[in-house]
**Q** 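First, the structure itself, so that you have it in front of you.
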Amino acid sequence: MVIQRWQTVLLLIAAAVMACFTFMSLGQIQLPDYTCDFTTMGFKIEGEATNGGPTGYAAYTWPFFIVSLLSFIIPAIAIFCYKKLKLQKTLCLVEVLFLIAILGCGCGYGYFQFPEAQVEWSSLIVAPLLALVADVFAYNRICADARLLRAADRIR
């Protein structure tokens with residue numbers, strides 16, 4: 001017997017929020033000469049280059065992108081591990097570690113990549129916190145279902 005209710009919804013919310021975080025703009029970095037769009041892939045210089053101005057990416061942040069992409073994939077995988085509650089709980093805990101790493105990396109890249117820059121964050125920067133809350137609630141629901149299944153097995 002397998003019970004899978006709210007944790008599926010919570011893990012789906014965590015995956016969707018982190019998908020948005022991974023592929024959308026996280027903010028703007030205003031440098032003295034140009035403005036950069038901050039995404040998980042790097043700092044893309046905005047606007048058209050004139051008079052030999054820089055174009056493309058000012059800096060790449062591949063480790064940040066990879067960890068962010070994994071934090072999107074792990075809850076999606078955990079949804080389909082409903083028959084193996086121990087694996088599902090482990091994936092939730094790994095997801096929590098990735099989300100904490102994302103919060104640290106995001107702040108580090110945003111504030112320390114260009115020390116002379118002014119940072120304007122988008123509202124999407126709270127996505128890892130929302131995913132963290134959803135992931136912790138999903139972990140609690142998985143533990144509750146495991147207790148319920150053990151109680152049902154004792155009755156049989």
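Sequential numbering from 1 along the given sequence is applied to the chain's residues.
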**Q** Could you check if a side-chain atom of M18 sits within less than 4.5 angstrom of a side-chain atom of P75, using non-hydrogen atoms only?
**A**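 Not touching, per the 4.5 Å side-chain cut-off.
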
**Q** Kindly compute the distance separating CD (Q88) from NZ (K83), expressed to the nearest 0.5 Å.
**A**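 The NZ atom of K83 is 13.0 Å from CD of Q88, to the nearest 0.5 Å.
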
**Q** Would you list the pairs meeting side-chain hydrogen bond (donor to acceptor under 3.5 Å, both in side chains) in which at least one residue belongs to residues 59-73, sequence neighbours left out?
**A**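 Pairs touching residues 59-73 that pass the test: T22-S68.
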
**Q** Taking it one step at a time, do F38 and F114 satisfy side chain to side chain contact (heavy atoms under 4.5 Å, CB included)?
**A** CA-CA 12 Å; F38 179 35; F114 301 106; over 6 Å; no

**Q** Looking only at side chains, do E46 and Q28 share a donor and an acceptor under 3.5 Å apart?
**A**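 Distance-only check passes for E46 and Q28.
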
**Q** Give the C-alpha distance, both sets of side-chain angles, the deciding distance and a yes or no for side chain to side chain contact (heavy atoms under 4.5 Å, CB included) between L132 and V96.
**A** CA-CA 6 Å; L132 184 68; V96 166; 3.8 Å; yes

**Q** Tell me if the CZ atom of F65 is crowded by more than 12 foreign heavy atoms within 6.0 Å.
**A**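 Check passes, neighbour count above 12.
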
**Q** Please report the interatomic distance OG1(T40) to CG(L124), rounded to the nearest 0.5 Å.
**A**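 Answer rounded to 0.5 Å: 10.0 Å.
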
**Q** With a 4.5 Å cut-off on side-chain heavy atoms, are L70 and I66 touching?
**A**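 Heavy-atom side-chain distance check passes, below 4.5 Å.
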
**Q** Under the side-chain hydrogen bond (donor to acceptor under 3.5 Å, both in side chains) definition, can you give me all pairs with a residue in residues 108-126, not counting sequence neighbours?
**A**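 Qualifying pairs, neighbours excluded: Y111-W121.
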
**Q** On a heavy-atom basis, which atom in C36 and which in L31 lie closest, and how many Å separate them?
**A**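 Looking at all heavy atoms of both residues, the closest pair is SG-CD1, 4.0 Å.
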
**Q** Within this structure, what is the CG-OG1 distance for the pair D37 and T39, rounded to the nearest 0.5 Å?
**A**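 So the gap between those two atoms works out to 6.0 Å.
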
**Q** Looking at K89 and C143, what are the two nearest heavy atoms and their distance?
**A**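 K89 and C143 have their closest heavy atoms at CD-SG, 3.6 Å.
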
**Q** Where do L99 and A131 come nearest, in terms of heavy atoms and distance?
**A**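 Residues L99 and A131, closest heavy atoms: CD1-C, 3.7 Å.
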
**Q** Could you measure the distance from the CD atom of E95 to the CD1 atom of I102? Nearest 0.5 Å is fine.
**A**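 Here the interatomic distance stands at 7.0 Å.
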
**Q** Decide whether L10 and L12 are clustered together by the hydrophobic rule: side chain heavy atoms of Ile, Leu, Val, Met, Phe, Trp, Tyr closer than 4.5 Å, transitively.
**A**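 No, it is not one cluster - the side chains of L10 and L12 are not joined through contacts under 4.5 Å.
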
**Q** Taking the side chain as every heavy atom from C-beta outward, state whether F98 and F72 have any pair of such atoms under 4.5 Å apart.
**A**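 No, their side chains stay 4.5 Å or more apart.
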
**Q** When you group the ILVMFWY residues by side-chain heavy-atom contacts below 4.5 Å and let the links chain together, are I79 and F137 in the same group?
**A**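 Result: no, two separate clusters.
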
**Q** Output the distance between atom CD1 (I142) and atom CZ (R5), rounded to the nearest 0.5 Å.
**A**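 Nearest 0.5 Å value for the CD1-CZ distance: 12.0 Å.
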
**Q** Indicate, with yes or no, if L129 and F21 share a hydrophobic cluster defined by side-chain heavy-atom contacts under 4.5 Å among Ile, Leu, Val, Met, Phe, Trp and Tyr.
**A**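 No; L129 is not reachable from F21 via cluster members.
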
**Q** When rounded to the nearest 0.5 angstrom, what distance separates SG in C81 from CG in L11?
**A**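 Taking SG in C81 and CG in L11, the distance rounds to 10.0 Å.
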
**Q** For I13 versus A134, what's the shortest heavy-atom pair and its separation?
**A**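 Shortest heavy-atom contact: CG2-CB, 4.4 Å.
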
**Q** Is any side-chain heavy atom of Y82 less than 4.5 Å from a side-chain heavy atom of T8?
**A**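 SC-SC contact between Y82 and T8 ruled out.
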
**Q** Do Y139 and I100 sit in one hydrophobic cluster, given that two such residues count as connected whenever their side-chain heavy atoms are within less than 4.5 Å of each other, even indirectly?
**A**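 No, because Y139 and I100 fall into different hydrophobic clusters, even though each may have its own neighbours under 4.5 Å.
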
**Q** Is M41 reachable from Y34 through a run of I, L, V, M, F, W or Y residues, each pair having side-chain heavy atoms under 4.5 Å apart?
**A**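 Same cluster: Y34 reaches M41 through Ile, Leu, Val, Met, Phe, Trp or Tyr contacts under 4.5 Å.
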
